[in-house]
Structure formats: C-alpha cells, structure tokens
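Working notes, beginning with the structure itself.
To find a chain, count down the sequence lines: A is the first, B the second, and so on, and within it residues start at 1.
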Amino acid sequence: MDNPYLAHHKQKKAYGSGATNGDATSKEPLFGFVPRRVKGEQVRKALDGDINPFTKQPHTPQYKKILEARKKLPVFGQMDEFMTMFSNNQIIVMVGETGSGKTTQIPQFVCFSDLPHTRGKMVACTQPRRVAAMSVAKRVADEMDVQLGRQVGYSIRFEDMTEPGTTFLKYMTDGMLLREAMNDNELSRYSTIILDEAHERTLSTDILMGLLKSLAKRRSDLKIIVMSATLDALKFQKYFGITGDGSQPAPLFKVPGRTHPVEVFYTQEPEPDYVEAAIRTVLMIHRAEEPGDILLFLTGEEEIEDACKKIKIEADDLMNQDPDSVGPLVCIPLYSSLPPAQQQRIFDPAPSARSGGGPPGRKVVVSTNIAETSLTIEGIVYVVDPGFSKQRVYNPRIRVDSLLVSPISKASAQQRAGRAGRTRPGKCFRLYTEKDFMKELEEQTHPEILRSNLANTVLELVKLGIKDLVRFDYVDAPAPETLMRALELLNYLAALDDEGNLTPLGAMMAEFPLDPQLSKILIISPEFKCSNEILTITAMLSVPNIWVRPNNQRREADAAKALLTVPDGDHLTLLNVYNNYMQNQNDKNWTWTNYLSARALAQADNVRAQLLRNMERFEIELMSITDPRKLYIAVRMALVCGFFMQVAHKEGEKGQYLTVKDNQVVGLHPSCGLDGQPEWVIFNEFVLTTRPYIRTVTEIKPEWLLEYAPQYYDLSSFPEGETKRALVRVANKKAGKFAGRTDDGSERDAKRRKKARQ
DNA sequence: CAGGGAAGG
C-alpha cells in the first residue's frame, strides 16, 4: 500500500457501523461509508435519498430539481472513475473544460469521500477571484440543500462566511489560503485542498502549489487536487509526479466540457493597425452576419472608449444608408474602472428592430481582458480578437513595473474564442494570420510570478518558513535577480536580518495585507505620533485611482482636484481627500461634484478599517498631532522610513530627476500636485508610459534620509555622482552643527536604527 | 507637459 493514509484507515470502522438498526441507511444515509474508500454507487444512493446526509434533515422540494440538473453535467457521469482515483491517490490533476461542472461537483464528491464533518476537518477549494468564490459557494450550498455559511461557506478578504465547527466545505480565494498558511504552515484544518483555475497561474496559486507539493510529503493524510485547463495539465502532472522528472506523472482525471463549436477565421495578411481592423471587422459582422452579439477585445480604457465612438458613428451611417438590411447597434465599453452600474450595461438585451419588420438590433461589447476570465457575457456569438493585451512587466534591474501592450498567448486566444460558444455555435475572427498564431504566439501567458515585483511574496514565503528561496520548488522559478531585489528591500526595511531570517518587525509586517514599504511605515508610525494619518495614507495607496477625469470635463476635474491638493506632496493630498470625504459623508453628491471615485474611496475606508483591526491586534497605538504643520512634517518623515529606496533628486533646472542609486532619468507625472520642483522627493510608483514618470510624489528633506535610513545612505559605499555630492554636503552640514563632538553621530544612528527596527 | 490590463491580501 503506497499511501500511508489508506493503510492507516484500512482498519478503521465504516461510518455508522456501530448502529444496531438494520435499516440504518434510511436515517443514516452515510451508513457504511469508509472514509476515502467510498464508491460512486454509494454516493448516488445517498444523493437520491430523502434525508440530507450532512444535516440529517429531510430534503427540500427544490433539492430534487437541482439534483436532476446536476446529473446531466459531464462530470457527474464520471463519478465512479473519480471516486476510485481519489481513493487511490494523494495528488490528482484534473482537467475539465467550461461547462463540465468541475468547480461545483468535484468538491462535493470529495466531501462524500473525505466525510470531513466527522473528522473535524474541512475541504477547501480555491478560486483566483472573490466573486467566483462567493457565487460558487452559494450555488453549492443550494445543491447540497444547506444554508450558505453553515456546512458550505466561503472566505474572502473582508468577509468570512463560514461557521467554525460546522463548515466543512469552504470556497476561498487563493490569497486567503496563503494567508492561513502563514499562521498554520501545515494547513492542518484541511483534509483535502483543491486548487481551481490553476492554469491562470496567479501568484498565490503558484506559491500554494509549491507549498502543497512539499506539504504532501509531510502530511500523508492530505489530499490535493489541481484543476486546470487542458493545455497545462501535463506540466502540472509532471510537477506533482512522484519522481519529479516527469517519468511518473501525477494521474490525470479528464472530463469533457459542454460548449458549442466556434468556427475560427484568420486574416490573410497581418493587420498593421489592429484597432482600425477591429472596427472594420465589427462593422462587417454587423452588415453581413446573422443576428447575435459581438465581443471585441482591446487593450485599455482609452482605446475602448475611442473605438466605441467610431463604431457607433459608422454603424449609424450604415443603418441610415441601408435601413432595410442594417439594424441598430449599441456599443458598450467594459473595463474594471467603470462604475458597477455601467458595467451592468453589458447584460442589457440588444436593441430591438427600428420598425416592425426591420432588421434586428445588435449589441457590441468592447472589453479589456476582464471579459476573458472574470466576466462572462451570455449571448455572445461573435468574438473579434486582435491578439493583444496589456501585460505587466517587471524589470528587477531598475525595479520598474510597467504595462506593455503585448501579443497574447495561444491559451488566451483559445479562451477568447470560447466566449463565442456559450449559448450557441459561434464565430471568432482573429485579426492575425494562422501562421502567426502557430509560430509567433507563446503557448501560455507567462505566469505572474515571472512578471512581478516579489517583495511581498518573498516576505510571505519567509513567514511560511521557507528558508532557501532560491531552491524552493517553484512550478516556474522567478529570475534570481528578482528574488535578490526583494531580499535586498526587505533587509533594508529590517524585515529580514543579514542572514535572511525574519525579524520580529518582519513577522508583524507579513501579517498586514500591504506591500512591505507600507506595512513598515504603518508599524513605525507611532514613533512619529502620526499613526492615524499613516493608516489613512496606506489605505488610500492600496486602492485603485480615486481621481475621475472624464474626457469632456478635464478642466473641471482638474480644478476640483486643485482645491483638494496639498502642495507638500501627493501623499498628504490623499490624506486630505480622505478626511474631506469622511466629513462630507452625509452629502451623497460630494464625490461626484469633486470628481472623485466613490467606489475607490469606499474601498479605502474598508481597507482602513481592516488595517485598524490588525493594528489593534498588535497594539499599535493610534496617534495624531494637532498642529497641522508639525503633523505634515511627521507624516513625511514616517514615509521616508519605508520609501527611502524610492527617492529622486532633481538634476539641473529642466525638471529632470534622477532616482537614487539606480540613476534612472524620470519626470514628475502630470498628475503630481507638488508646488514647483523640490530638490528631493519620495515616490510611490515608477511608471513607464510615454516617458518614465514617478507618480504620487512628496517632498522630503535629505537629512531625513541620512537619519532614518543610514544603512541605505551609507555614503562610503554610495555610487558617485551629483546625488552623492549633494548628500555629502548635507552630511557635512549636519556634522558641523555638532562641531566639537568627538564621534560622528554613528552611535546615535545605531541607536535610532535599533529603535526603528522594533 | 499628459495618463492605470486583470486579480489578490
């Protein structure tokens, strides 16, 4: 017997075997179930019974109705195969295409086999997105005929919809499971963990795969199911195989999907202007194809709004020229920063025909990648795919994150095409040649772990007890330089000591749902007596852009922003906006009249409350200073304690800045509200758009750098240049003030450093 | 002088 879990349980009594009543199955539907040796036949019998096996209550009438629908799902027909494979293996890779029912059914099958409720354990199923975790949990609670939040629940940031001791099937975001792992490295609450949508390769899922692979060796009682799309299955099978070299891959459980066929068309020649080609294709479909809605993928907000306008104009022209054969068309933009009410418009029905017998109307949704995985629009029959999306790229050498319009992968193109076949057979128009599809497109989109700044992830890994980050068994290992950059930052922030061990400060930082620079300033902020303000600023920096700037009201929006701007720095402006927002909470129009995003501000308030709870847990005092001038200085000093590596120094008079040490030439972002061009600034972000910019910028004093980050600003090892000369002048001036003293202040610095690390 | 793909804690 390979699996010690099975060996262990072989002797175990079957569930309910102590019952004396021979007719036990009617009252005890799980009678005779041996954990993890349960057969499909037993499950089907229990499902068809009148008593809910998990609550012992009689089934409600709608239960049977839902059950009949479940029986038609492809995965249901393979229950026996699944139950056997689950019994015989610790790790399974599963592929199930759209419509197979894997996300709702597999976790239920596992519950029948694991019987987690009898063993004080849970079955977890992770999702990359919150909405998915919530909606699937609701669906499964209905299917199992239980109340959501009791036997079946979900756990996402800001909402734990579970009942300890009762919940045994928990849907959750991958990020939440990772958080749990930080405090319980063995994930001992779970008997089985299912990673769903693993092919999306989110940062959290990737880290979880590494953790679970090694955890499986320590916890022979833990079972793991990795669910993915077909293309990635072999990679995961090899990764989770017993030998590691792929010679004994993990077993594969495969279920066909249930979608309609999609016919794919390519262009004969490459299209030089994909936006123009996309508009042309949409109009061609509108003119010549059968009724049915269109989904067009573009890369960003501006491109989408622009395309919508052009399509609308041209479609109206077509209709006016030829009202007998061309119907009305509505064009609906879709991207994440749209207010929810506007996002809802994608579900509106297509416009009706203009006249009784006239041609029917058509709906065109012009969307970013959000419609590729996160949002599903029913009724789409035509997909137009120009083959591009914006993708995050991280350059560890210069520590810059940027968004680049890049060709999508084959997997992504396939996913896009599939969006046309959800309700009936569809067509996908790819605006590139078949040859380019075959030869130029990558198989898979590069996983996030290869494209991101890993500062936060590395801190999490260290907190998870991973000692050797370079040799951690990643599915795809990040560039060593990216890891080094992250370790370096964490060491300078005093989250890790020189040996790479977690410091008490680092352990606390890891508990905050923030980037390390932000958790650092939040934790040390009481030293500057301004933790109340730093709390607000960290929350504001954790949410999407709060500024609304409609194309036709730019001047008005800029004027409104100017009224809220604090000239000392954008961080203080954020603080000011939040405070004003809170003071005007009774005025429902306040955000609107001030060109601010009500959604982002509400989010900031929510994040702030969560961070405050964390602060209370660690007894970090909430403090403030009444004198606004002193307060602003204190806030800027505290900011330096986290952002001393994100400093730029003005060079010359042309408004050019050089980033410290990396010597990148950058400009202040046009959104920056600073009064003039101060010599020294910290910045929150370095963005590469038309030019390199620094965004969310605050003026600082160079003395603060020497004082609060002496390790980083050790002038003896500082790269030569104008920045260093300026710092030396500051250091000399500072030393001059203490003329007559024998020491150079280093002892004082050491004390302060020690204090800052606490 | 000019601008944020999607997602997570």
Side-chain angles (χ1 to χ4, degrees), chain A residues 126-133 155-160 172-182 197 200-208 297-305 334-338 367-375 388-393 401-406 408 412 415 445 447-449 451-452 456-457 459-460 463 509-516 518-519 538-539 542-551 554 557-558 597 600 603 606-607 610-611 613-614 654-656 667-672 677 684-685 687-696:
Chain A
T126 67
Q127 298 293 321
R129 282 168 290 280
R130 286 184 209 152
V131 279
S155 175
I156 60 175
R157 188 184 186 182
F158 305 123
E159 200 181 359
D160 181 8
M172 63 205 303
T173 46
D174 47 9
M176 279 304 290
L177 185 60
L178 198 54
R179 291 257 129 201
E180 285 189 10
M182 291 195 331
E197 315 290 356
E200 289 196 29
R201 303 293 304 276
T202 66
L203 250 175
S204 298
T205 294
D206 262 30
I207 300 299
L208 284 169
F297 286 101
L298 290 177
T299 64
E301 175 177 343
E302 201 182 327
E303 204 174 83
I304 286 168
E305 294 290 356
L334 177 64
Y335 43 87
S336 74
S337 59
L338 273 179
S367 171
T368 58
N369 254 5
I370 193 170
E372 197 179 295
T373 48
S374 309
L375 271 174
F388 292 95
S389 71
K390 276 191 190 167
Q391 283 166 35
R392 176 195 293 282
V393 185
D401 248 337
S402 46
L403 282 173
L404 269 185
V405 173
S406 328
I408 60 171
S412 197
Q415 178 78 16
T445 310
E448 252 183 349
I449 197 169
R451 297 186 284 120
S452 310
N456 210 2
T457 305
L459 184 59
E460 282 171 355
K463 183 79 204 291
M509 283 167 61
E511 295 284 333
F512 283 85
L514 292 170
D515 282 339
L518 292 173
S519 52
T538 51
S542 308
V543 299
N545 187 18
I546 56 161
W547 309 102
V548 177
R549 197 168 182 254
N551 263 338
R554 288 186 183 177
D558 290 346
S597 159
Q603 262 182 55
N606 207 356
V607 172
Q610 187 192 30
L611 295 175
R613 287 194 294 274
N614 276 337
K654 286 195 298 186
Q656 212 173 60
L668 298 181
H669 193 272
S671 66
C672 173
Q677 289 168 341
N684 185 59
E685 263 183 306
V687 290
L688 195 62
T689 50
T690 48
R691 277 172 41 197
Y693 285 114
I694 49 177
R695 188 157 61 194
T696 313

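- At a threshold of 4.0 angstrom between heavy atoms, the contacts of A/I156 are confined to the sugar-phosphate backbone, with no base atom among them.
- Judged by closest nucleotide on DNA chain B, A/L403 is the one of A/N456 and A/L403 placed further toward the 5' end.
- No salt bridge links A/E511 with A/R179; every basic N to acidic carboxylate O contact stays at or beyond 4.0 Å.
- Using a 4.0 Å heavy-atom distance criterion, A/Y335 is classed as a sugar-phosphate-only contact.
- Regarding contacts with the backbone of B/dA6, every side-chain N or O of A/S374 stays at 4.0 angstrom or more from both OP1 and OP2.
- The phosphate of B/dG9 (OP1 or OP2) has a side-chain N or O of A/R130 nearer than 4.0 angstrom.
- Straight-line distance from the CZ atom of A/R451 to the P atom of B/dA6: 13 Å, rounded to whole Å.
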Next item on the list: Tell me, with the steps shown, if A/T202 and A/Q127 meet side-chain contact (heavy atoms from CB on, under 4.5 Å).
Entry: CA-CA 10 Å; A/T202 66; A/Q127 298 293 321; over 6 Å; no
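- A heavy-atom distance below 4.5 Å is not found between the side chains of A/S452 and A/D401.
- Straight-line distance from the CD atom of A/E301 to the C1' atom of B/dA6: 14 Å, rounded to whole Å.
- When each of B/dG8, B/dG3, B/dA2 is scored by its nearest atom to the side-chain atoms of A/H669, the top-ranked nucleotide is B/dG3.
- Looking at the side chain of A/R129, the nearest of the listed nucleotides B/dC1, B/dG8, B/dG5 is B/dG8.
- The distance between atom CZ of A/R392 and atom P of B/dG8, rounded to the nearest whole Å, is 14 Å.
- Within the nucleic acid shown, A/T368 comes within 4.0 Å of sugar-phosphate atoms alone, with no base atom in reach, counting heavy atoms only.
- A/S389 has no side-chain polar atom (N or O) that falls below the 4.0 Å cut-off from OP1 or OP2 of B/dG5.
- Side-chain contact between A/Y693 and A/C672 is absent, with no heavy atoms from C-beta onward closer than 4.5 Å.
- When distances run from any side-chain atom of A/S671 to the nucleotides B/dG9, B/dG3, B/dA6, the shortest one goes to B/dG3.
- Base engagement by A/D515 is indicated by at least one non-hydrogen atom pair under 4.0 Å involving a base atom.
- Looking at heavy-atom distances under 4.0 Å, A/E460 makes no contact with the nucleic acid at all.
- No N or O donor and acceptor, one from the side chain of A/R695 and one from the base of B/dG3, sit under 3.5 Å apart.
- For A/T373, no side-chain nitrogen or oxygen approaches OP1 or OP2 of B/dA6 to under 4.0 Å.
- Atom-to-atom, CD of A/Q677 to P of B/dC1 comes out at 12 Å; the value is rounded to the nearest Å.
- To the nearest angstrom, C1' of B/dG3 lies 15 Å from CD1 of A/I694.
- Of the possible polar contacts, none joining the A/T205 side chain to the A/R201 backbone as a donor-acceptor pair under 3.5 Å is found.
- Following rounding to the nearest Å, A/Q610 (CD) and B/dG9 (P) show an atom-to-atom distance of 9 Å.
- No N or O donor and acceptor, one from the side chain of A/R157 and one from the base of B/dG8, sit under 3.5 Å apart.
- In this entry the distance linking CG of A/L208 with C1' of B/dA7 reads 15 Å, nearest Å.
- Applying the 4.0 Å criterion to OP1 and OP2 of B/dG3, one finds that A/T690 has a side-chain N or O inside that range.
- B/dG5 atom P lies 9 Å from atom CD of A/E303, rounded to whole Å.
- Salt-bridge check for A/E200 with A/R129: passed, with a basic side-chain N closer than 4.0 Å to an acidic carboxylate O.
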